[in-house]
Each structure stands twice: as C-alpha cells, then as structure tokens.
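As the structure is a prediction and not an experimental result, all values here were calculated from the model. When reading the values below, keep in mind they use all heavy atoms of this one structure, side chains included, and skip hydrogens, waters and symmetry mates.
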Amino acid sequence: MCSLNACSCDFNDDITPKIDAIQILNSDVCKKCRTNSTEIILRRKDGYCTSCFLINTTHKFRAALGKSKIIHRGDTILIGYCGRDNSTALLHLINSGMSETTHKKIIFNVVIFFIDDGIVEGYTVNERKKMLDTISKQVKMFGFVGYTASLQESLRENDVPNIYLMDAPEIVIDESDVISNMLNNLADDSAREELLRQLRHRLLILAARKLECNKVFVADCATNIAVNILSDISLGRGAQLSPDIDFSDTRYTDVMLLRPMKDFTKEEIIHYLSCNKLNAVRSSKQNRMSLSTSIQSLTNKFISQLNTEFHGTVSTVFRTGGKLSTELLACQNLEENSVCAMCNIPLDTKVTNDEISALQATTFSALLSSNNIDIDNTKVKANDLLNVNPEELTVQVNHSEENNQNEHNDSNITNGKQCTWNIEEYKRFKTQSLSLNDILKHLCYSCRLIFRSSDIKSIPSFVLNTIETRLSHEIRPNEITDLLL
C-alpha cells in the first residue's frame with residue numbers, strides 16, 4: 001500500500017496515472033506491449049497486435065499442459081481431429097510447439113485420428129472420400145501420421161475397431177445404415193445428439209487402445225464447455241459434470257481424455273486461424289444433421305447470441321460449472337454393476353428407501369399418469385403406490401406386456417428343457433430374453449432418457465453385451481447347480 005509521505009506526491013501526480021490509463025484504454029495501441037497498433041479486438045474492448053495475441057494464445061495452450069503435470073516425456077497422444085476450427089487450431093498449436101527451442105519443445109508423440117461420421121450427416125460416399133482426401137492432405141501438411149475409422153466401428157462388440165491409415169489404398173467407406181436406423185428409432189433430436197456424442201467418445205477410446213495411446217486430446221474450447229454445462233444439466237447429467245467439462249476425464253483406467261483448449265473462446269480460435277492463414281476443412285455451417293430442435297443445439301444458439309451482447313456469458317457459465325462439478329470416484333474402485341453400461345460413469349440411480357430424490361419424483365409422476373401398472377406381476381392402482389419401494393418403480397410403466405411375454409417364454413422353454421441346460425445355454429437364453437427393464441437398470445439417468453421411448457433395437461449391441469455379462473455374473477450357485485446336466 002503506497003504512502004504519500006514515502007513517494008511525496010502531490011494532487012496532480014496522483015491523478016496523472018488515471019488519466020494516462022483512460023487514454024491508453026481508448027487509444028489504438030496494443031494493450032500488451034503498448035507499442036504496436038491494435039489489430040485484433042477481443043470482447044469489444046481489449047485490443048492486441050498480432051504478435052502479442054499469438055504469444056498470448058501459445059502461452060495459454062502451453063500453460064494448460066504444464067499446470068496439469070499429466071503429460072510426460074514419451075507419451076503417445078491421440079488427437080481427435082474433425083476438420084473444424086477447434087481441431088485445426090489444436091493441430092497448429094502442437095505443430096508449432098514441436099518447432100520451438102529445446103527447453104520449450106513439446107516432448108510427446110502425436111497420432112491423428114479422424115472419425116468418418118458423414119453417413120449420419122447425409123454425405124454421399126463420393127463426398128466422404130473427397131473430405132477424407134482433403135483431411136489427409138492437411139494432416140500431412142502439419143507433419144503428422146493420420147488414421148481414420150467409420151463411426152460404425154463404435155458399435156464393435158469385441159472393442160477392436162477397424163482403423164486405416166488415411167492415405168492407405170485399402171480404406172473401405174462404410175455404407176451401412178445401422179446407426180442411421182438406430183437414430184431414427186429414438187424419440188427426439190436431443191436423444192439422437194446425445195447418443196452420437198457417446199458413440200464418438202467411445203470410438204476415440206477404442207482407437208486409443210488399439211493404437212497404444214495412453215491419452216486423448218479433444219479440441220473442446222470454453223464455448224463448447226459452457227454449452228455442455230447447460231445442456232448436461234438440462235438432460236439430467238448434472239451429477240456427472242466433472243468428466244464432461246474438466247481438463248481431464250478419468251472415467252477409464254487405461255486411457256485419459258484431456259481438453260488442452262478449455263481456456264480458449266470461439267472468438268480467439270477464429271482470430272488465431274486468421275492470423276496463421278489457416279482454413280478449416282469443415283465448418284459448423286456444413287453440418288447437414290437436422291438436429292435444430294435438440295436441447296444441445298438450442299443451448300448453443302442461446303449461449304452464442306447472449307455472448308454477442310454480454311461478453312462475459314461464456315466465462316461466467318464456464319467458471320460456474322467448474323465450481324458446481326464434483327470429483328467422481330475412480331471407476332476402478334467401483335463394482336462392475338455400479339457403472340453405467342453406456343457412458344462408464346458411476347450410476348446416479350441407486351437410492352435407498354429412506355432417501356428422497358428427483359428420480360423417485362419423476363418416476364412416481366410417470367406411474368401416476370398410467371392406469372395399468374404392473375409391479376411384480378401384481379396389478380396396483382395409482383393410489384396404492386405411496387408405500388412401494390422406489391427401486392421397483394423404475395421402468396415398469398409401459399413394458400408390463402413385454403415383461404409378461406418374456407416370463408411366459410421363460411416358463412415354456414424351461415418346461416420344455418426340463419432344466420437340462422448347461423451354463424452357456426442359460427446365458428444365451430438370458431440374452432434373448434432381456435427386457436428393457438433389465439437394460440435400463442444398468443444405465444445412468446441421462447442414458448435412460450436416450451432410450452426412454454424406444455425399443456431394444458435402438459440400443460447399441462455393446463451395451464447389451466455388457467449388461468448380459470453382468471446378469472450372467474449374478475447367477476447364484478444353487479441356480480447353476482440346477483441348470484447343470
């Protein structure tokens with residue numbers, strides 16, 4: 001704290017710095033160096049010259065990697081590249097870091113991975129081939145090795161996707177419409193977009209494992225994270241914000257997903273590309289998916305429009321979300337049945353009889369709106385549901401006929417076999433008789449909402465296999481004895 005006696009200032013000396021600060025703020029001089037003229041304006045008030053802006057962005061990227069202390073010498077990093085603005089800037093930042101002097105040089109290895117999702121965006125086979133060729137040339141321009149795989153590979157049951165080098169002549173453009181049919185069976189655009197997000201995330205993890213990468217970089221910026229915060233809370237994923245918005249996503253034990261551009265805004269990324277004369281292969285305007293009515297797209301539009309008028313919108317939502325997010329328990333310390341079979345996040349649907357939760361309230365409201373309710377094969381009136389265990393109310397509303405049919409088939413086949421099955425036959429039978437009720441018990445609340453109004457055909461096969469494995473482990477010893485020959 002300054003003292004008038006120490007610096008012997010008079011009134012005029014005291015007010016001079018304030019006048020100079022106002023003059024500098026209103027001038028066309030760079031805010032950082034105070035020498036060069038302003039060429040880039042951020043937030044409508046902060047002016048920078050090109051040199052200072054590039055130094056600032058590079059420092060921000062390197063600081064994000066340095067503060068985490070997660071990246072080590074010799075790590076092999078898989079870069080999720082989609083060809084849009086964010087990932088193009090990420091590639092250039094990494095390439096620039098590898099060209100720095102010795103003490104600043106990036107010390108990890110890089111592998112580029114591109115997900116061919118053109119089938120769900122309405123691109124033809126020729127358009128997808130042309131896009132892949134363009135992306136391959138851009139990856140070579142940065143000096144990296146690139147791999148690609150179709151989004152269809154995310155449905156692999158054996159967790160080993162088919163991955164090709166971008167410039168390999170044997171690349172096969174997948175023309176299957178399995179994912180398109182799966183999306184069409186879902187109830188709304190919000191569910192479709194959330195399922196696509198989960199499938200892309202899973203394919204990144206599978207590709208990292210096959211290519212022996214222990215970490216994955218994604219190009220989510222502060223604007224994307226702000227949108228994810230609001231949309232996740234709207235979709236019932238508020239208890240799971242940490243892995244979706246934090247710098248590191250540690251839901252898997254062997255692969256870590258990182259967001260090194262989490263402190264960049266969309267505005268900064270656009271200026272960065274312009275300063276380095278870079279052009280993205282794909283832009284957000286080229287997205288042909290008609291998901292304009294989804295919660296995610298509406299949230300994106302809301303955040304973007306509000307941020308144009310109030311430039312602290314993204315920063316406020318971004319920082320508030322960081323305070324709301326809680327540290328999740330490591331998945332390796334949890335039991336197998338305590339993790340969602342879809343997104344691998346700890347289940348948030350386990351409640352005791354003494355607890356009161358939003359899940360119970362929504363489930364109870366759905367049951368009250370139904371006249372025919374079947375609980376443990378007993379018809380119950382809505383007025384008699386007040387004392388029912390909430391775990392029994394989870395997903396019994398619209399599937400009583402399906403469950404009764406499965407039980408009918410179970411009894412017929414059992415009588416026909418006269419309990420002469422072995423364990424493998426029993427597992428196959430349980431696979432065929434899975435009901436939607438059995439499946440939803442192994443999904444978190446948000447993943448349940450994806451399939452809430454659909455049939456089993458719209459649920460990915462890897463989810464079904466995971467649930468089948470869990471159910472097979474629940475066979476009691478005396479049941480196994482009875483089923484043996």
Side-chain angles (χ1 to χ4, degrees), residues 56-82 86-113 142 144-145 147 197 200-226 228-229 232 240-265 268-269 272 318-319 321-334 339 343-346:
N56 187 34
T57 53
T58 302
H59 173 73
K60 186 183 295 187
F61 175 74
R62 300 298 297 272
L65 298 180
K67 286 189 297 185
S68 65
K69 298 182 180 179
I70 295 176
I71 310 298
H72 305 290
R73 181 181 295 274
D75 283 344
T76 303
I77 312 294
L78 185 78
I79 310 296
Y81 180 64
C82 65
N86 293 15
S87 56
T88 303
L90 176 60
L91 285 193
H92 189 269
L93 284 167
I94 295 175
N95 182 62
S96 300
M98 290 182 170
S99 304
E100 293 283 355
T101 56
T102 304
H103 70 285
K104 293 183 178 181
K105 190 173 182 179
I106 288 179
I107 57 177
F108 53 81
N109 303 316
V110 174
V111 175
I112 310 300
F113 181 67
F142 286 116
F144 299 126
V145 177
Y147 292 85
R197 175 186 174 189
R200 292 188 181 101
H201 184 276
R202 183 173 190 266
L203 185 53
L204 283 175
I205 300 299
L206 296 181
R209 289 170 178 166
K210 185 171 182 178
L211 297 174
E212 299 181 351
C213 302
N214 56 356
K215 295 178 179 67
V216 178
F217 278 2
V218 292
D220 292 344
C221 65
T223 306
N224 302 131
I225 294 175
N228 289 339
I229 290 171
D232 279 1
Q240 305 162 349
L241 279 180
S242 292
D244 289 335
I245 69 173
D246 285 350
F247 176 80
S248 60
D249 182 349
T250 58
R251 73 182 75 182
Y252 298 97
T253 58
D254 54 343
V255 180
M256 185 181 299
L257 189 143
L258 305 176
R259 301 178 178 88
M261 301 187 68
K262 66 186 295 287
D263 295 323
F264 286 74
T265 64
E268 289 175 323
I269 292 174
Y272 182 85
F318 174 76
R319 298 186 185 280
K323 297 177 182 178
L324 293 176
S325 63
T326 57
E327 191 68 28
L328 283 175
L329 296 175
C331 293
Q332 61 266 33
N333 297 329
L334 297 175
V339 178
C343 63
N344 208 56
I345 292 295

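Residues meeting the side-chain hydrogen bond (donor to acceptor under 3.5 Å, both in side chains) test with Tyr147, sequence neighbours left out: none. Judged as a side-chain hydrogen bond (donor to acceptor under 3.5 Å, both in side chains), and not counting sequence neighbours, the contacts of Asn86 are Asn224, Lys266.
Closest approach of Cys213 to Val255, counting heavy atoms only: O-CG2, 4.0 Å. Taking all atoms of both residues into account, the shortest heavy-atom contact from Leu78 to Ala208 is CD2-N, 3.7 Å. Minimum heavy-atom separation, Leu241 to Gly321: CD1-O, 4.5 Å. Closest of all the heavy-atom pairs between Lys262 and Ile225 is CB-CD1, 3.6 Å. The minimum heavy-atom distance between Met261 and Ala219, with the atom names listed, is SD-CB, 4.4 Å. Between Pro260 and Ala64, the shortest heavy-atom contact is O-CB, 3.6 Å.
In this structure, CG in Leu258 is found 10.0 Å from OG1 in Thr250, a value given to the nearest 0.5 Å. For the atom pair Asp232 CG and Asp244 CG, the distance stands at 4.5 Å (nearest 0.5 Å). Interatomic distance, Arg73 CZ to Ile107 CD1, rounded to the nearest 0.5 Å: 4.5 Å. Note: Ile112 CD1 to Leu211 CG = 11.0 Å, rounded to the nearest 0.5 Å. To the nearest 0.5 angstrom, Leu93 atom CG is 10.0 Å from Arg62 atom CZ. In this structure, the separation between CZ on Phe217 and CG on Leu204 is 13.0 Å, given to the nearest 0.5 Å.
With ring centers used as reference points, Phe142 lies 6.0 Å or more from Tyr81.
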### Message
I'd like to know whether Phe61 forms a ring-ring contact (aromatic ring centres under 6.0 Å, His included) with Tyr272, so could you lay out the CA-CA distance, the side-chain angles of the two residues, the decisive distance to 0.1 Å, and finally the verdict.
### Response
CA-CA 12 Å; Phe61 175 74; Tyr272 182 85; 9.2 Å; no
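Counting heavy atoms from C-beta outward, Cys343 and His201 have side chains that stay 4.5 Å or more apart. Side-chain contact check for Ile77 versus Ile79: some heavy-atom pair is nearer than 4.5 Å. Side chains of Ile70 and Ser248 form a contact here, defined as non-hydrogen atoms less than 4.5 Å apart. Taking the side chain as every heavy atom from C-beta outward, Asp249 and Arg259 approach each other to under 4.5 Å. The closest side-chain heavy-atom distance from Ile245 to Phe318 is not below 4.5 Å. No side-chain heavy atom of Val216 sits less than 4.5 Å from a side-chain heavy atom of Phe113. A 4.5 Å side-chain heavy-atom check between Ser96 and Thr58 finds every atom pair outside the cut-off.
Listed by first then second residue, pairs satisfying salt bridge (charged side-chain N to carboxylate O under 4.0 Å, His left out) with a partner in residues 208-217 read Asp75-Lys215, Arg209-Asp254, not counting sequence neighbours.
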